[in-house]
Every structure is written in structure tokens, then in C-alpha cells.
2 protein chains.
Amino acid sequence: MPEQIPLSEQVWEYVKQIFKLQQERSPVATSSLAEALKIAPSSVTEMLKRLAKRGLINYTPYHGITLTDAGNEAALKAIRRHRIVERFLTDMLGFQWHEAHQEAVLFEHNVSDEVERRLYVALHKPTECPHGYPIPSKTLPVFVTERTLYELEPGEEAVIMHVRDDEPELLQFMASLGIKPGVKVHMVEKDPFQGPVGITVRPRGKKRTIGWHLANSIYVDGAAKQS
Amino acid sequence: MPEQIPLSEQVWEYVKQIFKLQQERSPVATSSLAEALKIAPSSVTEMLKRLAKRGLINYTPYHGITLTDAGNEAALKAIRRHRIVERFLTDMLGFQWHEAHQEAVLFEHNVSDEVERRLYVALHKPTECPHGYPIPSKTLPVFVTERTLYELEPGEEAVIMHVRDDEPELLQFMASLGIKPGVKVHMVEKDPFQGPVGITVRPRGKKRTIGWHLANSIYVDGAAKQS
DNA sequence: ATTGTAATTTAGCTTTGCACAAATTGCAAT
DNA sequence: ATTGCAATTTGTGCAAAGCTAAATTACAAT
């Protein structure tokens with residue numbers, strides 16, 4: 001019978017972020033959270049104590065954190081809401097995908113369950129956000145394929161599954177290159193040491209050279225075939 | 001060059017409420033604000049000092065408050081947003097009018113200017129909220145007619161202009177009686193001393209007896225004609 | 001002119017969140 | 001084993017809002 005009081009806006013944001021970071025490395029370090037949320041590490045520590053008290057995370061001082069089951073559930077709920085709101089912004093209000101994320105963060109936490117439900121229906125029950133990430137219900141389908149475009153070897157071809165949604169400029173640039181979920185890409189050449197990579201966007205794309213960061217923000221289907 | 005920092009959610013709520021109360025009686029008393037916002041009077045006093053510091057109100061301790069020009073502008077902006085969001089909830093998400101007000105309060109303050117603008121367009125630039133109140137742009141058209149249904153004399157007939165939006169149960173009941181903006185009503189009989197009144201809702205309404213509070217929550221067109 | 005009551009304000013305390021500076025801890029390199 | 005740095009945590013302080021209880025003020029009625 002914990003948590004009668006509704007989670008504060010900030011708590012949702014923390015939990016959501018912890019969930020994401022946990023998919024890369026678990027337990028999650030205070031500093032990585034601080035960086036992701038753009039909050040001073042000390043403030044994060046404060047909040048972690050509160051989250052632990054509410055049973056949302058397992059917190060071992062100096063050794064990072066993990067989400068509890070309750071925390072996981074909260075995170076999925078937050079992520080679901082976020083992605084539904086994103087779709088609302090793009091599909092119903094005509095926002096560009098690089099604007100959607102920011103705007104969504106603004107009001108997702110003030111959307112009631114009922115509004116979320118109705119939005120979901122009005123949008124024809126979408127399965128993905130505008131950036132290609134799945135909209136979770138109870139469980140978030142884990143990607144079998146956690147390869148980024150950068151990890152493709154020269155000659156390989158793959159389909160874009162989803163792209164990072166938290167850097168507007170990057171998204172805008174991607175859009176200008178025709179990069180979006182569902183599109184096929186071909187790795188032409190790759191420089192070592194996080195150097196630039198040459199790719200073509202199918203069909204009928206010219207060769208393009210993109211930087212490491214961009215290439216590493218594009219997640220592709222693991223089933224790659226030699227061309 | 002005051003107010004660089006955005007107004008807090010609470011500040012918007014105060015300013016909006018002050019605006020409404022000011023239309024009935026000006027200056028506005030601390031206690032009426034406290035009652036309207038369901039906040040302890042002492043807390044309201046605290047906030048009034050902050051509002052005064054930000055130049056939103058003229059505050060004379062013990063003698064009530066008035067909105068400054070800046071305050072007025074802020075209030076109209078808040079009201080506009082509120083009413084647009086209400087329409088969004090009813091028109092696009094299918095909420096009942098008695099639910100719209102509550103839900104709108106939840107997230108209206110987290111809606112950005114851009115989202116508001118797009119909502120407004122997507123809704124085909126509505127001129128009124130679901131309860132019949134006008135959606136202001138720069139200035140709020142003051143009602144020439146500030147008569148309530150209760151003030152009609154027996155035999156008079158009038159058109160409903162708008163109804164109070166902040167009491168869900170009341171709204172639900174009104175809906176069940178067919179009472180909404182644009183509908184004609186006929187005053188049949190009226191008891192003195194805030195007693196019940198008998199009315200008919202045109203066209204083809206049976207006679208109905210409603211209480212004082214309800215009758216006084218329905219605002220009608222001043223141009224009444226004897227029937 | 002005084003008094004009493006209701007409205008209002010002040011005082012003191014709580015909570016949530018954030019930040020900075022100082023102390024502490026973990027761990028890797030010597 | 002010790003040292004030293006980076007990551008963390010603790011301590012202190014601030015701001016927004018809110019509450020209760022106590023003091024103060026306005027004003028009307030005597």
C-alpha cells in the first residue's frame with residue numbers, strides 16, 4: 001500500500017530517464033542521471049532518496065540504482081504517455097518530429113489517464129511514436145536488435161527501426177536526409193575511431209557522409225544482408 | 001522590463017480567478033479569492049504580495065486588490081487558453097461538458113503558445129467555450145447582458161447565453177434538462193426569497209421547477225420579450 | 001467613544017526541488 | 001599498502017506554496 005499521493009512531475013521524469021539509462025547500463029550512476037536530466041549531481045542524490053523511500057528504486061549509496069517493479073511500471077506508464085502525446089502533436093496538430101519531443105515533455109505529466117485513453121483511441125491506437133519507438137502497454141517490447149547504423153559493416157544494408165528523439169537539431173537534419181523509421185540504408189564506407197561514415201539512403205539516394213554521432217543515433221534492424 | 005521568469009502555474013490560476021471575481025465586485029477581497037481557489041486566506045495573502053511584486057495586481061492591504069494592465073493581459077491569456085483547451089476536450093476527444101472544465105485546469109498551464117495556436121486552428125477558430133463563454137483574443141467582450149435566468153420575471157422569455165462552468169454536477173443536471181447555450185427558456189413562475197422557479201425549456205419543454213442556485217447559474221440574453 | 005466581530009495579515013512551520021561547497025568514499029595506479 | 005582523483009553524498013541555503021494559530025485592523029453597532 002505505498003504511494004497514495006500522486007507522483008510529482010519531477011518524479012515521472014526521473015523514473016522515465018532511469019528506465020532509459022538502465023537499458024544501456026545497470027545499475028545507473030548518479031552522474032549519468034544528473035547529466036541526462038541536466039540537474040546537479042547533489043540534487044539528484046536528494047531525489048534518489050525520495051524515490052527510494054517511495055519504493056520506486058533500489059538505492060545503494062555510492063553504487064548506483066535500479067528500478068523496482070513499481071518503478072518499472074511507473075516508467076512504462078510515463079513512456080507510454082510521452083509517446084502518445086508525441087503522436088498527438090505530430091498527427092493531430094501537425095508538428096514536425098523534432099518539435100514533438102520537447103512539446104510533449106511540457107505537458108505529458110498533466111494529462112490524466114482518461115485524456116490519455118481518449119487520445120490513444122482518437123489516434124487509432126498507434127503502435128509507435130513518431131521516432132519509431134514502440135508505445136508500451138504493460139511491458140515494453142525489448143528490441144532484439146540494438147544495433148546502430150554506425151555498427152554496420154561496409155556493404156551491409158539495414159532498415160531503420162527508430163532514432164534518438166531528444167536532439168531536435170539532429171532530428172531536423174535527419175529529416176532533411178530522408179532518414180526515418182522504415183527507410184533502408186546502405187553502409188558504403190566507414191572510418192575507424194568514431195570517424196565519419198559514408199551511406200546511401202534507399203531507394204535512389206546519393207552517397208552521403210555523416211558523422212559518428214549521427215550514425216550512432218540511428219537504430220537499425222539486426223537482420224542485415226550483404227548487398 | 002518586469003517578469004522575465006515565466007509565471008508559475010499557480011500565478012496563472014490566481015490571476016484568472018481575480019479577473020472573474022472582479023467582474024462582479026472590484027476590488028476583490030482576499031476571502032472571496034480564498035474561497036474560489038479553495039486555499040486558506042493566509043496563504044492567499046502571501047501570494048498577493050508576490051503578485052503585487054510582479055506588477056500583476058494593485059494591492060492595498062486590508063482593502064482588496066485589482067488587476068493591473070499586465071495582470072489583465074495575463075488573465076485574458078489564461079482564460080483564452082482554458083477555453084480553447086475545453087473545446088479541444090469536448091470537440092476532439094468527446095468529453096462531456098461537465099468534465100471539460102476539470103480536465104482543462106489540469107493541463108492548460110503546460111500548453112505552449114504554439115500548441116495553443118495550433119489547437120485553435122485545428123478546432124476551426126471557435127468563438128466560444130463549450131459552456132457558451134467567449135474565447136477572448138486581446139480583449140474579452142463584456143456581456144451587455146449580465147442577467148441570470150433567476151432574474152427573469154414570470155412571463156418573460158430569453159435565450160441562454162452561457163452557464164457556470166465550475167460545478168460538474170450542476171452541468172450534468174443542466175444537460176439532462178436540455179439547458180445549454182442557444183436554447184430558449186420561458187419563466188413561468190417564481191417564488192420570492194431565493195425560492196424555486198418554474199420554467200419551460202423551448203421548444204416543446206414541459207414545465208420544470210428548478211432551484212435558485214441553478215437558475216442563478218444560467219446567464220440569459222437581456223432582450224427578453226413578453227410572451 | 002468604545003467595543004466586538006469578522007476579515008485580514010503576520011508568524012512560524014512543512015514540503016518539494018534545486019544549487020553550491022565541503023566532506024566522504026571507492027577504486028585504480030603506484 | 002598507500003595515495004590520489006573522480007564520483008558521491010552531506011550540509012546549508014534558497015524559493016515557491018501551503019497550513020494553522022495568533023495578532024491586528026476595519027467598521028459597524030452601541
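In this text, all values refer to a predicted model and were calculated from it rather than measured experimentally.
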Open item on the list: With nearest nucleotide decided by heavy atoms, which residue, Y14(A) or T60(B), maps closer to the 5′ end of DNA chain C?
Closed with: T60(B)
TODO: Kindly indicate whether the side chain of S42(B) and the base of dC19(D) share any N or O donor-acceptor pair separated by less than 3.5 Å?
DONE: no
- [ ] Would you mind telling me which residue lines up with the more 5' stretch of DNA chain D, S8(B) or S32(A), judged by nearest nucleotide?
- [x] S32(A)
TODO: Ignoring backbone atoms, test whether R50(A) places a side-chain nitrogen or oxygen under 4.0 Å from the OP1 or OP2 oxygen of dG17(C).
DONE: yes
Task: Ion pair check, E151(B) and K190(B), cut-off under 4.0 Å - done: no
Open item on the list: Assuming nearest nucleotide by heavy-atom distance, tell me which of P61(A) and E46(A) is located more 5' along DNA chain C.
Closed with: E46(A)
- [ ] For the residue pair E103(B) and S112(A), confirm or rule out a side-chain donor-acceptor distance under 3.5 Å.
- [x] yes
Task: Integer-rounded Å distance: dT10(C) P and Y59(B) OH - done: 6 Å
Task: Distance test, side-chain N/O of T45(A) to OP1/OP2 of dT10(D), below 4.0 Å - done: no
Task: Residue T30(B), side-chain atoms from C-beta onward, closest of dT8(D), dG17(C), dT9(C) - done: dT9(C)
Task: Length of the line joining I39(A):CD1 and dT16(C):P, which is rounded to integer Å - done: 16 Å
Task: L51(A) CG to dT15(C) P, straight-line distance once rounded to whole Å - done: 17 Å
TODO: Could you state the atom-to-atom distance from CD of Q17(A) to P of dG17(C) in whole Å?
DONE: 16 Å
- [ ] Measure the distance from CG on L48(A) to P on dT10(D) and round it to the nearest whole Å.
- [x] 11 Å
Task: Options dA7(C), dT9(D), dA17(D), nucleotide nearest the side-chain atoms of S31(B) - done: dA7(C)
Open item on the list: Closer than 3.5 angstrom, by distance alone: can the side chain of R83(A) be matched with the main-chain N or O of Y133(A) as a donor-acceptor pair?
Closed with: no
Task: Any S43(B) side-chain nitrogen or oxygen under 4.0 Å from OP1 or OP2 of dC19(D) - done: yes
- [ ] Looking only at side-chain atoms of Y62(A), point me to the closest of dA16(D), dC19(D), dT8(D).
- [x] dT8(D)
Open item on the list: Side-chain N or O of K49(A) versus OP1/OP2 of dT10(D): is the shortest distance under 4.0 Å?
Closed with: yes
Open item on the list: Which residue in the set H213(A), Q172(A), H98(A) passes side chain to side chain donor-acceptor pair (under 3.5 Å) when paired with E167(A)?
Closed with: H213(A)
Task: H63(B) NE2 to dT9(C) P, straight-line distance once rounded to whole Å - done: 9 Å
Open item on the list: Please report the distance, rounded to the nearest Å, between CD in E9(B) and P in dG17(C).
Closed with: 13 Å
- [ ] Rounded off to whole Å, could you give me the CE-to-P distance for the M47(A) and dT15(C) pair?
- [x] 15 Å
Open item on the list: With a 6.0 Å cut-off on the ring centroids, do F88(B) and F88(A) count as close?
Closed with: yes
TODO: Answer with base, sugar-phosphate or nothing: what part of the nucleic acid does A40(B) contact at a heavy-atom distance below 4.0 Å?
DONE: base
